[in-house]
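These notes concern the structure reproduced below.
Chain identifiers are assigned alphabetically (A, B, ...) following the order of the sequence lines, protein sequences preceding nucleic acid strands; residue numbering begins at 1 within each chain.
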Amino acid sequence: MRRNFPIRESRIALSACLLAASLLGVCAAQELTVPASVTAGEETVISTTGSGTATFYLLGPGVSRKNEVSLGQEIHLQARDLQTAGDYLAILCSGTCRSASFYVNAAKPASVTFLVHPSRVPVGQSDAVSGVAFPFDQFHNLVLTQKAINFQLTAGSSSLLSQSVRTRDGVAWFRTASGKAAGTLQVVASLDDLSAKRAVQQVASDPCNLHIQGQRTANGILVETEPVHDCAGNPVPDGTIVTFTATEAGGKDTVDAPIKKGIAKAQMDAAGAVVVSAASGVVMGNEVRIGAH
Amino acid sequence: MRRRTNCIFRFRILVVAATLLGSLSLNSYAVDSSARVQLNIAKAAPRAVESLTERGILRDYSFAWNSMAQALEFNTFDPLEGPFAGEAKNWLRDTVASQQHSGVSQQYVNQNHQLEAVFYAPEGDVMELHDTAEYQLQVSDGGKLIHEEHVVLHFIVLMTPAADRWVIRQLQAVPQF
């Protein structure tokens, strides 16, 4: 940060000094010296020169303190006044005002904020899982000094990713593909002895090799799929819709049926010869031909 | 005679109304223009900033600084509701409460912000920005100006999307980027 020297104040101070000097033959304006930098949550002191009393102001993120001080003595700043990282302005007024500023920097990391997306992901998708980690100190200041954050992704006993990423401007991130098997994916971001854990539910991807069979019944035809799996062999979750289409000479009949216990089935009206097909999402299944009643 | 008096009276009303309207329009202009923000999204990664998002960030960041300036000048909490969340809101509320106690107020005059998006999360749920803010800072105690200076400050900013806007969650001044 740059602060231009307050011209207006210096002029006022100079005028005051000249007036005082002309009257008393001496000019001893108050000065204050602030620390070069401070760590959040630590005490510090501001030294002053001069004599008599003055009004001291401390302005910073979360604080606006005003009190009387004795010039020539140190002003003690308490830890609770310096918990938020940022720019602080100290002003000392005794007739005229003098000011100085200093920075409070974040303390050591005390927690890791970890955002992971998505919470549910199909298996076998590239760049499907991502995470962003921010280290914060105990006062919730963003830690900007570079830190190595380890990202670890495990599904069951197999490791999908283990990567150390250095924070840049207080942030580290990763992006990777989802695993092959449905189940819980554990995602951990760790920094020294700190860690944050998240879970991503990996679910089966689109159905693969959708296969149906059908038979005529007294009321029409009954069609059903074989157990529906994705291409990696994971059972497609119940509730996934399979669309059956029966085509006969008189027209078409379509039924949407949810998968229950791995299988979708539908009862359809058809008296004549019929061709039945099935689809789920963009995946087409086989066709079956069923003769007339 | 009476007609002339009416004319003068009407003219005076007109002048007063014009003055009031003028001052109102000047005030609203001053509020609108108090935080000038320029946003550079060229370095945003890993996700590119969409144009709609860019406009949203510009609008909401400018609004947030106007709100913060209002809160710190008039020592009121209301302007902080909406544009701030999390830690940024906490310390701003603490500052206002502390200023109410000490009688101090701050004015941010002629704000200029050079804002640069440096990180935009893959899923678009958080953005980190660097702001080089330049303004005239005036500090008053009980209405008496005790300090005035031109400042240039660097801020690390974390913004996240809320229901209808982007909010500032972290606003942390740093010596340099």
Between [X] and chain A, which part of the residue has a heavy atom less than 4.5 Å away: side chain, backbone, both or neither?
X: Q170(B); result: side chain
X: V126(B); result: side chain
X: L171(B); result: neither
X: H130(B); result: side chain

Only pairs of heavy atoms separated by less than 4.5 Å count here; which of E87(B), H101(B), Q172(B) has the most with chain A?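 Among the listed options, the one with the most contacts to chain A is Q172(B).
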Contact winner vs chain A - L92(B), D141(B), I156(B), N90(B), heavy-atom pairs under 4.5 Å: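 Highest number of heavy-atom pairs under 4.5 Å: D141(B).
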Side chains of [X] and [Y]: is there a donor and an acceptor less than 3.5 Å apart?
X: R120(A); Y: Q201(A); value: no
X: E43(A); Y: H76(A); value: no
X: D131(B); Y: H154(B); value: no
X: Q114(B); Y: Q38(B); value: yes

Residue part contacting chain B, namely of [X], when any heavy atom lies under 4.5 Å:
X: N141(A); result: both
X: L142(A); result: both
X: F134(A); result: side chain

Rounded to the nearest 0.5 Å, what separates atom CD in E54(B) from atom OG in S51(B)? 7.0 Å
Rounded to the nearest 0.5 Å, what separation is found between the OG atom of S94(A) and the CD atom of E68(A)?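 Rounded to the nearest 0.5 Å, the OG-CD separation comes out at 9.0 Å.
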For the residue pair W65(B) and Y135(B), categorise the inter-ring angle as parallel (less than 30°), tilted (30 to 60°) or perpendicular (more than 60°). tilted
